[in-house]
Number of protein chains: 4
Amino acid sequence: MSDIDYEDEARASRARQEADPDPEVGGIAVDRLRSIIERIERLEEERKALANDIKDIFAEAKSAGFDVKVVRTLISLRKKEPAEVEEQETLLDLYKRALGM
Amino acid sequence: MSDIDYEDEARASRARQEADPDPEVGGIAVDRLRSIIERIERLEEERKALANDIKDIFAEAKSAGFDVKVVRTLISLRKKEPAEVEEQETLLDLYKRALGM
Amino acid sequence: MSDIDYEDEARASRARQEADPDPEVGGIAVDRLRSIIERIERLEEERKALANDIKDIFAEAKSAGFDVKVVRTLISLRKKEPAEVEEQETLLDLYKRALGM
Amino acid sequence: MSDIDYEDEARASRARQEADPDPEVGGIAVDRLRSIIERIERLEEERKALANDIKDIFAEAKSAGFDVKVVRTLISLRKKEPAEVEEQETLLDLYKRALGM
DNA sequence: CCCGGCGTTAATGCAC
DNA sequence: GTGCATTAACGCCGGG
């Protein structure tokens, strides 16, 4: 363990931020770390907001009488290459027949 | 199975979209479904863009010498109530001691 | 916070384990906790072993020329009620037609 | 698309299973596929049974007054190398201090 | 008894 | 190609 007083360091860090081009605490580039974390947190908030919006739309779909699971399937199909989808379906049928299903 | 010709229906649907306030195909409120799916797809694109932004920042963190896994831990800790974190840590220590760890 | 010295308690606990029918450390039923954890760990090991076995079989399937993804789909279909599968497929077709897909 | 009648093939396949060392349906090694799927399904059943056992033990832990979440944390810590855990904790503390947390 | 939320787990895509 | 990290699906759990 280091004997640096990090509380004091933290206070001092803020005091010298204009003067020091690369302030460090315990060998850590404080401002860089803080910037990284805060940008990520901001973006995650936006992501969460979008997730909520999407959830709301699924709820709307449900209340409009659509089968939500099927709507999800449809969306995921639309993401894929049609040729790929066709290929997989063909193989699935083949395997089913092989098993007598 | 219905004997409606859905191909024709699909074409007809597009033709009468201005006139018909609630066009349906096979009992499905087409415009409603289309709207739902397109809005979700749009939001998912935005979500994906944000995910990429976040990934870039983690890459930046890594190249700046930070331990990405620890940065993640830090961010997740910041999301939680401090009291909750403290409580869990206290219990964890208690259980560890009980087991002689 | 308790003022019990857990280090001492831990040592004492080991000393009295034969004598005490319900040994506790810091209010924790030590043997109960240890039993719970060890049983879970044992079962998780078995689970992991089975997961490896399954992975091996998928690898075998792949090297035998089967499309692993399709095999997975097939297995998941077999888990579901046929009526349910049929229902979902019917709805999916209906939605596709509604969207002119 | 092939013009083979898979229904007939499936019936025929069962008829010749003793005689034919490598029966195929539509180019698929039927017995091989069936074997793969059935072995996987069997192993998955065992996996599910183990998962249930584990769940029961967590329920037991809960009713014995243990904090289930903390017990999970404890188990996951025990899976990791102690040196690794120590390293991560040290870094986490360092980063926290750098941020004045 | 059903529903939504949460946590876990399997599946996909990405980076090395 | 392998392993890892993310993301979507599933099942359990608590609340209405």
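Bear in mind that the values here come from a model prediction, so they are computed numbers and not experimental data. Chain naming here is simple, since letters A, B, ... match the order of the sequence lines and numbering starts at 1 in each. These values consider heavy atoms only, across backbone and side chains, with no hydrogens, waters or symmetry-generated copies.
- The pair Glu60(D)-Arg39(C) meets the salt-bridge criterion, with a side-chain N (NZ, NE, NH1 or NH2) lying under 4.0 Å from an Asp/Glu carboxylate O.
- Distance alone, capped at 3.5 Å, is enough to place a donor-acceptor pair between the Thr90(B) side chain and the Glu86(B) backbone.
- Proximity of a side-chain donor or acceptor of Tyr95(A) to a complementary backbone N or O of Asp67(C) within less than 3.5 Å is detected.
- Place Glu44(C) and Lys48(B) on DNA chain E by their nearest nucleotides, and Glu44(C) ends up nearer the 5' end.
- Residues that satisfy the side-chain contact (heavy atoms from CB on, under 4.5 Å) test with Arg72(A), not counting sequence neighbours, are Phe58(A), Val68(A).
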Which donor-acceptor pairs under 3.5 Å do side chains of residues 75-82 of chain D form with protein atoms, sequence neighbours excluded?
| unit_1 | atom_1 | unit_2 | atom_2 | d |
| --- | --- | --- | --- | --- |
| Ser76(D) | OG | Thr73(D) | O | 2.9 |
| Arg78(D) | NE | Glu41(C) | OE2 | 2.7 |
| Arg78(D) | NH2 | Glu41(C) | OE1 | 3.1 |

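- The CD1 atom of Ile40(D) sits 11 Å away from the P atom of dA11(E) (whole-angstrom rounding).
- Within the structure, a side-chain polar atom (N or O) of Arg47(C) is placed less than 4.0 Å from OP1 or OP2 of dT9(E).
- In this structure, CG of Leu43(B) is placed 13 Å from P of dA8(F), rounded to the nearest angstrom.
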Exercise for the section: In sequence, state the C-alpha distance, the side-chain angles, and the governing distance for Leu74(B) and Leu99(D), and then conclude on side chain to side chain contact (heavy atoms under 4.5 Å, CB included). Expected result: CA-CA 10 Å; Leu74(B) 194 46; Leu99(D) 295 175; 3.7 Å; yes

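- Of the residues in residues 50-81 of chain D, those with a non-hydrogen atom less than 4.0 angstrom from any atom of DNA chain E are Arg72(D).
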